[in-house]
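Worth knowing before you read on, the calculation uses all heavy atoms, side chains too, and leaves out hydrogens, waters and symmetry mates.
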There are 2 protein chains.
Amino acid sequence: MSRVAQDVVSEVDLPAGEERSDGRSRRWDTHRAARRDDLTHAARRAVHHGGPELSMDEIATAIGTSKSIVYRYFNDRSGLQTAVGEAVMQDMGAALSEVSHRAHGPHEVVRAMVGVYLGMISSSPSVYAFVTRGGEAAGTAGPLSTLADDAAALLVPVLGDVLEERGGNRDGARMWAAGVIGFVRGAAEVWLAERIELEAAAADRATDDGADAADLDELADTLADWICAGTPASTPSRPTASRSTSPTS
Amino acid sequence: MSRVAQDVVSEVDLPAGEERSDGRSRRWDTHRAARRDDLTHAARRAVHHGGPELSMDEIATAIGTSKSIVYRYFNDRSGLQTAVGEAVMQDMGAALSEVSHRAHGPHEVVRAMVGVYLGMISSSPSVYAFVTRGGEAAGTAGPLSTLADDAAALLVPVLGDVLEERGGNRDGARMWAAGVIGFVRGAAEVWLAERIELEAAAADRATDDGADAADLDELADTLADWICAGTPASTPSRPTASRSTSPTS
DNA sequence: GCAAAGTACCTGATACTCTGAGTTTCATGA
DNA sequence: TCATGAAACTCAGAGTATCAGGTACTTTGC
């Protein structure tokens, strides 16, 4: 109970009486926020190195504290996940706003978003997995993956504009944005899996990160193109689609 | 160990000596396959009614047997998930091939795919969640969500054609398909969440399934359009994006 | 005004409960 | 010879509870 609409821990919201007269209480207020932040970032690092399946105990140990502390600051494992997700999201938001204010039109905004999202997922796949994994209970309700939702939110205004210009109402924008993020997610996961296979196969030259950055840019271009250019309404040359008519196998 | 490349259980692959001479052994071979199928479908039903979070014990009980049996036929919880996913996938494949052989061009194939996928996810969100949830361990490797992968596979040939016609090579098709499926998934999950909220809010008229079917078709149209038409490269009227300049709100 | 006593809260260690995954054993039966 | 299902088991990880410190503030008695 009481874990409903708060991600700051219960102690923080107990000022039912609006003033906190006692200095002994007040003295911790800033400390708590700071500590929570520290823990969040430390957890992020721990997961980055230790993988998304670290137990709470292991995370706590890696952070250099004990489980009781972690549970004091986060209601839940999924609370931790959410917090880390928010931290990641904050970085993404910053990176995006830095890039996208010089973007003209939806295509470039989408391209920026894709780039940022890909950068995040590829620079720290473990954190990505930790943040998107499971979380809330049912798949039928609740804040699905906060990260994806938040990322989508960044696209909503732009896509809303597009919808409006096309004569529709902006209401669909949220779904459209979720779709776009889903697209990136789906494609990126395949790409990640492929890259890991490749790396496992040819584990010769250790750090080919330079090539990776270029790869990433190229991939982002491709995805953005796919998202924005879409699929042609029908194959122009052969009307009945090359698939069913062609005598291949 | 030994759970790597097999989803049929160890008993089936134990013929290290290649022949099974004993009739008393062979007699069960067909039985086992049949039973596994039964269990898979029963589990699907159980999850459909009981939700995606049923424990193995609960699933077994709902099926009408005990955990030991379930574990005899599936290595793992994730083995069960995979099996159910394959069953769902089989249905989807059937539905899709029924619809899509009269589809001309990629747009219609995509539209068909979207319709089938949406139909599945909306007719049984619990099963959908069960099948896509977690499964394999790390987010960094392995068959992520078999369902999404398989669904994507159905799109690969069509999108490969498109790529080829555009002068690229077909290699990107897998990723593109994964992206498209991701799009549907992302959008559908938002839609589901919204629908559930609505239903919770106005739980007056019980069965508005008729309206739902129409909704679903409309949604499928919209999504397919978004996927195929994409986002315009730049807003035609105002070059610097309507967002920052327009005095709306 | 100032020490001492008391209070509010934080910390991290340890030990606990509880739940659910996966295993083993066994009596029954074809 | 093999399948079945019930029951009891192991094991790991989430989450809780307790406790002996520790530090900064408040209150009290002088």
Item to check | Nucleotide nearest A:S66 when distance is taken to its side chain, options C:dG12, C:dC9, D:dT4 | outcome: C:dG12
Next on the checklist: Hydrogens and angles aside, do A:H48 and A:S124 bring a side-chain donor and acceptor to less than 3.5 Å of each other?
Outcome noted: yes
Item to check | Side chain of A:S25 (C-beta onward), nearest among C:dC10, D:dG5, C:dA8 | outcome: C:dA8
Next on the checklist: Rounding to 10°, can you tell me the angle the first-five-pair axis of the helix from C:dG1-D:dC30 to C:dA30-D:dT1 makes with its last-five-pair axis?
Outcome noted: 10°
Item to check | Partner set under salt bridge (charged side-chain N to carboxylate O under 4.0 Å, His left out) for B:E194, not counting sequence neighbours | outcome: A:R174
Next on the checklist: For A:R27, give me all partners under side-chain hydrogen bond (donor to acceptor under 3.5 Å, both in side chains), at least two apart in sequence or on another chain.
Outcome noted: none
Checklist entry - With no angle test and no hydrogens, is the base of D:dT26 tied to the side chain of A:R24 by a donor-acceptor pair under 3.5 Å? => result no
Next on the checklist: Nearest whole Å is fine: how far is C:dT19 C1' from B:E53 CD?
Outcome noted: 13 Å
Item to check | Contact pattern, 5' to 3', of nucleotides 22-30 of chain C - B, S or - by protein heavy atom under 4.0 Å | outcome: BBB------
Checklist entry - With sequence neighbours excluded, what pairs up with A:D217 under the salt bridge (charged side-chain N to carboxylate O under 4.0 Å, His left out) test? => result A:R111
Item to check | By salt bridge (charged side-chain N to carboxylate O under 4.0 Å, His left out) - contacts of B:D37 (at least two apart) | outcome: none
Checklist entry - Counting only side-chain N and O atoms of A:H31, is one of them less than 4.0 Å from OP1 or OP2 of D:dC25? => result no
Item to check | OP1 or OP2 of C:dG12 under 4.0 Å from side-chain N/O of A:T65 | outcome: yes
